[in-house]
Amino acid sequence: MFFITLLGCSKTQNNLTGDALAFTDSVGNRITKEELSKSNGSFNYTIIGAGNISQEAIVAHEEGRRYASAGDYDRAFAKFSEAIQHSPEWPYPVYDLAYSYLLQDDYVNALKYYKLTDSLAPKGFFTSKVALYTLTGEKMGKFKPGLYKMYVSLESLLSDTEREEMTKVLVSTFPDFAPGWKEYANFLAGEQRLAAIETGLKLDCDVQTSGTLLINKALFLANEEKKSEAKEILTDVIFNPESTLGNIELAKFALNNLLEAKTDDK
């Protein structure tokens, strides 16, 4: 089974001839087999804004990360702020500042700096889209305060058993939280996995989560030999102007794997 943890379907036309045109959608967007083959399924977010970073900003940011890792958040805040002053267009220290505030339960400042991260990197910066969506929901009363911190804490769990139990608690306690269903689906198989993905897709959520859910739905369909449907979904993610950079690269990677598959579409 080939699944990757990660929008609608416009009709696409398969027009493969070697490395010539691979797919064209209804409005003329095109992507070639050669372009698809260059994707490894991930995007290096650290390069965003890297062209204008001062050495002072780099040093301050690295020091801030060391202080944060050691639990010295006062000094971490100061160093991240210093890095931002030196290179205000660089989203990395802004993102780390937001995350540090989150860990200190300062959700007001966490939201403030996730918003700034999103303005500097509108196509996404790591999990900034999920953070902004969830913390905004907390502020508006849609979600319980602390939900996003609980969600990101899943990454720190070392065993799959712990992570699975936590995701069960997450979806049962917060059934309207789509990112929870995205995580929960990873521990399911067959129709149960698809049902969890579909549950997440029916909910209001951020573009990063919806894109991830759709990519996983496409991969599920591909494993069920419904490759034409899978290719349409993946192509939509690639061409959707709202898609995050990470999801675009992941969709390219998945689509290229489908094109390389020997089994004909059903």
Side-chain angles (χ1 to χ4, degrees), residues 4-7 39-54 56-69 73 76-77 79-104 106-139 147-156 177-179 182-183 205-215 237-253:
I4 301 177
T5 304
L6 281 179
L7 283 190
S39 180
N40 64 6
S42 64
F43 179 81
N44 181 11
Y45 283 108
T46 63
I47 66 174
I48 297 178
N52 299 309
I53 304 173
S54 70
E56 292 86 352
I58 293 173
V59 171
H61 180 236
E62 290 176 350
E63 291 178 348
R65 288 175 65 85
R66 285 197 295 270
Y67 283 130
S69 295
Y73 287 103
F77 295 150
K79 285 298 179 180
F80 289 143
S81 297
E82 181 182 333
I84 293 168
Q85 288 179 341
H86 286 300
S87 295
E89 300 302 315
W90 188 25
Y92 208 170
V94 182
Y95 179 85
D96 281 340
L97 181 57
Y99 183 62
S100 296
Y101 274 121
L102 180 79
L103 295 180
Q104 291 294 287
D106 186 344
Y107 305 132
V108 172
N109 275 312
L111 177 57
K112 173 183 175 180
Y113 286 102
Y114 278 123
K115 283 182 178 179
L116 181 55
T117 302
D118 191 61
S119 68
L120 295 172
K123 294 289 284 181
F125 194 86
F126 293 110
T127 60
S128 59
K129 295 290 185 183
V130 186
L132 184 56
Y133 162 76
T134 310
L135 288 169
T136 300
E138 292 179 27
K139 180 181 179 181
L147 174 58
Y148 185 66
K149 184 179 179 181
M150 176 184 177
Y151 174 72
V152 297
S153 71
L154 293 173
E155 297 178 7
S156 65
F177 184 56
K182 182 203 73 173
E183 297 296 331
C205 64
D206 62 281
V207 67
Q208 184 174 5
T209 299
S210 63
T212 299
L213 285 165
L214 277 168
I215 291 170
V237 173
I238 293 168
F239 291 142
N240 190 315
E242 300 299 318
S243 290
T244 63
L245 294 169
N247 278 346
I248 290 171
E249 290 305 310
L250 188 50
K252 287 180 180 179
F253 180 72

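Keep in mind it's a predicted model, so treat the numbers as computed, not measured.
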Counting C-beta onward and ignoring hydrogens, is there a side-chain heavy-atom pair between V207 and E242 closer than 4.5 Å? yes

Parallel, tilted or perpendicular, judged at 30° and 60°: which one describes the rings of Y148 and Y151? tilted

By salt bridge (Lys or Arg N to Asp or Glu O under 4.0 Å), which residues pair with E82, not counting sequence neighbours? K79

Let me confirm one number: the CZ-OH distance from F80 to Y95, rounded to the nearest 0.5 Å. 11.5 Å

In chain order, what residues pass the side-chain contact (heavy atoms from CB on, under 4.5 Å) check against S87, with sequence neighbours excluded? I53, S54, A57, W90

Sequence-distant partners of T46, side-chain contact (heavy atoms from CB on, under 4.5 Å), two or more places apart: N44, Y92, F126

Quick one: CG on D206 to OG1 on T134, what's the gap to the nearest 0.5 Å? 6.5 Å

S128 (side chain) donor-acceptor with G124 (main chain) under 3.5 angstrom: no

So, the side chain of Q208 versus the backbone of T244: is there a donor-acceptor pair under 3.5 Å, distance only? no

Looking at side-chain heavy atoms only, is the closest gap between Y101 and Y73 below 4.5 Å? no

Pick out which of I48, I84, D96 makes a side chain to side chain contact (heavy atoms under 4.5 Å, CB included) with P91. I48

Smallest separation among heavy atoms of F253 and S39, with atom names: CD1-O, 3.3 Å

Carefully, step by step, assess F125 and V94 under the rule side chain to side chain contact (heavy atoms under 4.5 Å, CB included). CA-CA 10 Å; F125 194 86; V94 182; over 6 Å; no

Heavy-atom check, side chain of I215 versus side chain of N247, under 4.5 Å: yes

How far does OH of Y113 sit from CG of L120, to the nearest 0.5 angstrom? 12.0 Å

Would a distance-only check, ignoring hydrogens and angles, find a side-chain to backbone donor-acceptor pair under 3.5 Å from K182 to S210? no

Taking the side chain as everything from C-beta on, heavy atoms only, tell me whether E249 gets closer than 4.5 Å to K252. yes

Side chain to side chain, Y133 and T209, heavy atoms closer than 4.5 Å: no

Any side-chain heavy atom of F77 within less than 4.5 Å of one from N109? no

Drop me the distance from L135's CG to L102's CG, to the nearest 0.5 angstrom. 6.0 Å

Please name the pair of heavy atoms, one in S100 and one in A68, separated by the smallest distance, quoted to 0.1 Å. OG-CB, 4.0 Å

Rounded to the nearest 0.5 angstrom, the SG-NZ distance for C205 and K129 is 13.0 Å

Donor-acceptor pair, side chain of Y107 and main chain of K149, under 3.5 angstrom: no

